[in-house]
Amino acid sequence: MKAIWEKAQKLISERVGGHFYDLWFRPVELSQIKDGHATLDIPNRFFKEWVEDSYPGLISDVLKEVTGESLKIKYRMSEKLDPESRKLDNQLENRRTRLASRGIYLNPKYIFENFVVGESNKFASAAAEAVAANPGRAYNPLFIYGGVGLGKTHLISAIGNVVVDRMKNFRVLYVSSEQFTNEVVHAVRHGKTDELKAKFRNLDLLLLDDVQFIENKTATQEELFHTLNVLYEGQKQIVISSDRPPKEIKNVTDRLRSRFNMGLIADIQSPELETKMAIIHKKAEMERIALSEAVVEFLARKVKSNIRELEGCLIRLAAHSSLTGSPIDVEMTKNVLKDIIADDTKPLTVETIVKGVAEHFGIKVADMKTKKRTKEIALPRQVAMYLSRELTDVSLSDIGKNVGGKDHATVIYACKQMTERRAADEDFDRMLESLAEKLKP
Ligand code: ADP
Ligand code: MG
């Protein structure tokens, strides 16, 4: 066992790097391999969560390389749970079992009780609660949109979990739009469209996640349009999430877009400081992590908007603290999270802005810097020039050099364009505002 694990650890260390290896994988032990299962001893549950979230499949892949066998991973915790945590864990397990027995792929943790409501999400969450209380009767469809990691999947899943808890015979389906697309393609290719229809049209509740994925996909849009029609006419509830509002989803047919617009559209904004602090408190309470007010505020200020990232930070802190036995304070927080949290002693650079903007628009940094003139790149480039002008003291010509070798007149022109568009287009204005907020150290 020891030799296997040593080999595996070496491979893991090569793949994840020494820093992560020391923090997360060194404390793990392989205790047995039996009946197709490998049992790993871990110090506490943060390890399981973090390792599974950050490196899904890594351990089983590596064990397969070493042993030649496909093994399922089991975890064994040395930490004992207190009664309250055990109760919560049991509730979770029960819901997990219920979901599994009905074949519904919902995360059992995504429930309203765990969702912190603040200014930024109160409209969307109230709408979701109304729909959960009265599916098919309140708002149909409910369309929730907002940026990455702001709780869309959590909210729409919460609707599903309420319904599954309350209604035994309700047919519920959660599906990502990517999976929906794959199923459409597969069905068309293999002449199985009847099965597809049977699956997606005989439902009481359809939860369709990340619908922006269907941009440009004609066959999928066609199928989705008819699916939504059938459900809508049967007064079956439809809930859709997207990273942008219907009007900004490109290359989608008008009739499908008008379906999206027929019910209620609710957005989730980036959380304000208070909401972020409340979320950190909630997560810390759920995971029984002791945090001082100073640490809570520090984290809320430093982690810009993405709540998923906030959770990642908390888990890392908790693991570090349980390993070293020292309490979490601001010093430790800075230290443990130094590769995640921006250092505000250094001024913001054009480089960082270009990177952040490229990430936001889902394009490559390298493309921002070329002279390419395609539309997909022109706008991000203008945004980057504008934000560099607003957020740094770098000269116009130096900004231009960093963004596709433009001269200073081009930078001025970009700034003017962006200013005008901000004044004319509310969504654009909001997008720039939150992007700027995210970039500021
Ligand atoms: P999205 O689908 O918008 O990208 P998710 O729903 O996956 O985001 O949320 C990312 C993580 O943040 C999830 O673990 C979720 O539980 C958590 N989260 C987001 N918003 C909240 C909130 N208001 N309260 C508690 N947790 C939240
Ligand atoms: Mg999501």
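Since we're looking at a predicted model, the values are computed, not measured. Read the numbers this way: they start at 1 and go in the same order the structure lists the ligands and their atoms.
- Look at Lys283 and you'll find a heavy atom under 4.0 Å from some atom of ligand 1.
- Nearest protein heavy-atom neighbour of atom 6 (O) of ligand 1: His154 N, 2.8 Å.
- The single protein non-hydrogen atom nearest to atom 18 (N) of ligand 1 is Ile307 CG2, 3.4 Å, given as residue, atom name and distance.
- A salt bridge does not link Lys152 with Asp209: none of the charged nitrogens is closer than 4.0 Å to a carboxylate oxygen.
- Paired with Leu58 under the rule side-chain contact (heavy atoms from CB on, under 4.5 Å), one option of Ile12, Val51, Leu11 passes, and it is Ile12.
- Residues Glu351 and Lys355 are not paired through a salt bridge, judged by the lack of any N-O separation under 4.0 Å between the basic side chain and the carboxylate.
- Arg15 and Tyr55 share no donor-acceptor pair across their side chains, judged by distance under 3.5 Å alone.
- Among the atoms of Ser241, none of the N, O or S atoms falls under 2.8 Å from the Mg ion (ligand 2).
- Checked by atom type, the side-chain pair Asn107/Ser157 shows no donor-acceptor distance below 3.5 Å.
- Residue contacts with ligand 1: Gly146 is excluded, as none of its non-hydrogen atoms falls under 4.0 Å.
- The shortest N or O to N or O distance between Leu150 and ligand 1 is below 3.5 Å.
- Close to ligand 1: Glu311, with a non-hydrogen atom less than 4.0 angstrom away.
- No side-chain N or O of Glu14 forms a donor-acceptor pair with one of Tyr21 less than 3.5 Å apart.
- Of all protein heavy atoms, the one closest to atom 19 (C) of ligand 1 is Gly151 CA, 3.4 Å.
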